[in-house]
Enquirer: 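The structure that follows is given in the form of structure tokens.
The basis for the numbers below is simple: all heavy atoms, side chains too, and nothing from hydrogens, waters or symmetry mates. Small disclaimer: the values here were computed from a predicted structure and weren't measured.
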Number of protein chains: 4
Amino acid sequence: MPTAEPPYRRIANDLAAKIKTGELQPGDKLPSTRELAEAYGVHMNTASRALSLLHDRELITGQPGRGTYVAERPGQ
Amino acid sequence: MPTAEPPYRRIANDLAAKIKTGELQPGDKLPSTRELAEAYGVHMNTASRALSLLHDRELITGQPGRGTYVAERPGQ
Amino acid sequence: MPTAEPPYRRIANDLAAKIKTGELQPGDKLPSTRELAEAYGVHMNTASRALSLLHDRELITGQPGRGTYVAERPGQ
Amino acid sequence: MPTAEPPYRRIANDLAAKIKTGELQPGDKLPSTRELAEAYGVHMNTASRALSLLHDRELITGQPGRGTYVAERPGQ
DNA sequence: GTGGTCTAGACCACT
DNA sequence: GTGGTCTAGACCACC
């Protein structure tokens with residue numbers, strides 16, 4: 001059995017999918033780290049890592065503490 | 001004698017070792033922050049920081065108010 | 001109103017954004033822990049924790065007593 | 001130009017090389033996180049990550065806080 | 001009960 | 001001066 005997806009990737013991929021399908025539109029505000037942690041039932045550190053990953057992929061922008069938003073050209 | 005390991009890391013590594021050796025099994029509940037603090041003779045803050053480190057390493061999971069548990073795939 | 005982002009994360013993300021946008025360049029010196037604490041109106045501990053997060057993300061480098069600097073390859 | 005090696009990998013590889021060449025023998029005690037951080041001029045978080053990597057590769061064993069040691073059969 | 005966070009003030013080691 | 005850590009005590013939200 002292959003290694004399962006780590007939680008932070010699961011969350012990141014979930015959000016990425018919502019962006020891809022248009023459920024989350026460019027410019028939309030994402031939940032805060034704390035809200036994500038509660039929503040997905042994980043530790044704040046895990047939620048933070050998920051957001052960090054999306055930031056790296058340039059799917060989201062902004063200062064997460066002041067509000068994280070879906071990038072205007074997600075995936076460039 | 002060179003500078004020693006700080007207590008919060010000592011505690012974190014101690015728990016990590018117990019997970020690695022199987023003394024703590026995936027799904028097992030860890031002692032509460034307060035219990036850990038008492039067991040190691042440190043302040044709650046210090047014990048909390050140790051647990052935070054293990055969260056980062058994805059060795060443990062759990063959310064506030066529900067306790068802390070050994071991750072299902074510790075170390076991925 | 002849902003629970004907000006904790007200050008130490010807000011500060012960390014704020015600094016991370018400045019690095020990402022280039023407002024803070026690789027090699028630049030960051031404000032000291034004490035300066036950050038004053039600037040954001042928080043305790044030194046809180047500012048220190050924010051910097052620790054950025055260390056984990058490899059966005060900043062430096063050792064005790066020498067100041068903190070933007071990493072050469074922020075975000076790898 | 002290819003992405004440079006992140007510091008924590010550089011340190012991990014450095015230690016791994018010392019184990020491979022026999023400069024560090026099975027059973028030898030490794031420096032503490034703090035000592036490693038000082039020796040390599042990096043943050044404690046970075047040194048900690050390097051040790052964690054070696055632990056994952058089973059090159060080292062033990063509870064790092066109580067002392068980390070070169071594994072008896074490094075690389076298995 | 002649980003974990004998470006903040007302030008306050010102190011100490012240490014290194015530059 | 002710098003960053004890193006610890007204690008002490010408090011508060012919050014969720015179960």
Enquirer: For F:dT5, take OP1 and OP2 only and decide whether either is under 4.0 Å from a side-chain N or O of B:Arg49.
Expert: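 For B:Arg49, the contact criterion (side-chain N or O under 4.0 Å from OP1 or OP2 of F:dT5) is met.
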Enquirer: Counting any heavy atom closer than 4.0 Å, what does B:Thr68 reach on the DNA or RNA strands: base, sugar-phosphate only, or nothing?
Expert: sugar-phosphate
Enquirer: Does the C:Thr21 side chain pair with the main chain of C:Ala17, one donor and one acceptor, at a distance under 3.5 Å?
Expert: yes
Enquirer: In whole angstroms, how far is the P atom of F:dG3 from the CD1 atom of C:Ile11?
Expert: 14 Å
Enquirer: Quickly work out the A:Glu38 CD to E:dT5 P distance and round it to whole Å.
Expert: 12 Å
Enquirer: Answer yes if the side chains of B:Arg9 and D:Ser48 hold a donor-acceptor pair under 3.5 Å, and no otherwise.
Expert: yes
Enquirer: Assuming nearest nucleotide by heavy-atom distance, tell me which of B:Pro64 and B:Val42 is located more 5' along DNA chain F.
Expert: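 Final value for this comparison: B:Val42.
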Enquirer: Does any nucleotide pair with F:dC14 by Watson-Crick or G-U wobble geometry, both distances under 3.5 Å, and what is it?
Expert: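 F:dC14 is paired, partner E:dG1.
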Enquirer: Could you check whether C:Arg34 gets within reach of a base, just the sugar-phosphate, or nothing at all, counting any heavy atom under 4.0 Å?
Expert: base
Enquirer: Between F:dG4 atom C1' and C:Gln63 atom CD, what is the distance in whole Å?
Expert: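 Result: 13 Å.
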Enquirer: Using whole Å, what does the distance between atom P of nucleotide E:dC14 and atom CE of D:Met44 come to?
Expert: 13 Å
Enquirer: Quick one: do the B:Tyr40 and B:Asp14 side chains pair a donor with an acceptor below 3.5 Å?
Expert: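 Yes, B:Asp14 and B:Tyr40 have a side-chain donor paired with an acceptor closer than 3.5 Å.
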Enquirer: Rounded to the Å, how far apart are B:Glu5 CD and F:dT5 C1'?
Expert: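 Those two atoms, CD and C1', are 13 Å apart.
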Enquirer: Counting only side-chain nitrogens and oxygens, does D:His43 get under 4.0 Å of the OP1 or OP2 atom of F:dG4?
Expert: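 Looking at the OP1 and OP2 atoms of F:dG4, one of them is under 4.0 Å from a side-chain N or O of D:His43.
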Enquirer: Taking atom P of E:dT2 as reference, at what distance in whole Å does atom CG of B:Leu36 sit?
Expert: 11 Å
Enquirer: Closer than 4.0 angstrom, basic N to acidic O: yes or no for C:Lys20 and A:Asp56?
Expert: yes
Enquirer: Output the rounded distance in Å from CG (B:Asn45) to C1' (E:dA10).
Expert: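 It is 14 Å, rounded to the nearest whole Å.
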Enquirer: Of C:Ser52 and B:Thr46, whose nearest nucleotide on DNA chain F comes first from the 5' end?
Expert: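 Of the two residues, C:Ser52 wins.
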Enquirer: May I ask you to verify if any side-chain N or O of B:Tyr8 is less than 4.0 angstrom from the OP1 or OP2 atom of F:dT5?
Expert: yes
Enquirer: Select base, sugar-phosphate, or nothing to describe what C:Ser32 touches, counting heavy atoms under 4.0 Å on all strands.
Expert: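 Result for C:Ser32 = sugar-phosphate.
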Enquirer: The side chain of B:Ser48 is closest to which nucleotide in this list: E:dC6, E:dG9, E:dG4?
Expert: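 My answer, after comparing the listed nucleotides, is E:dG4.
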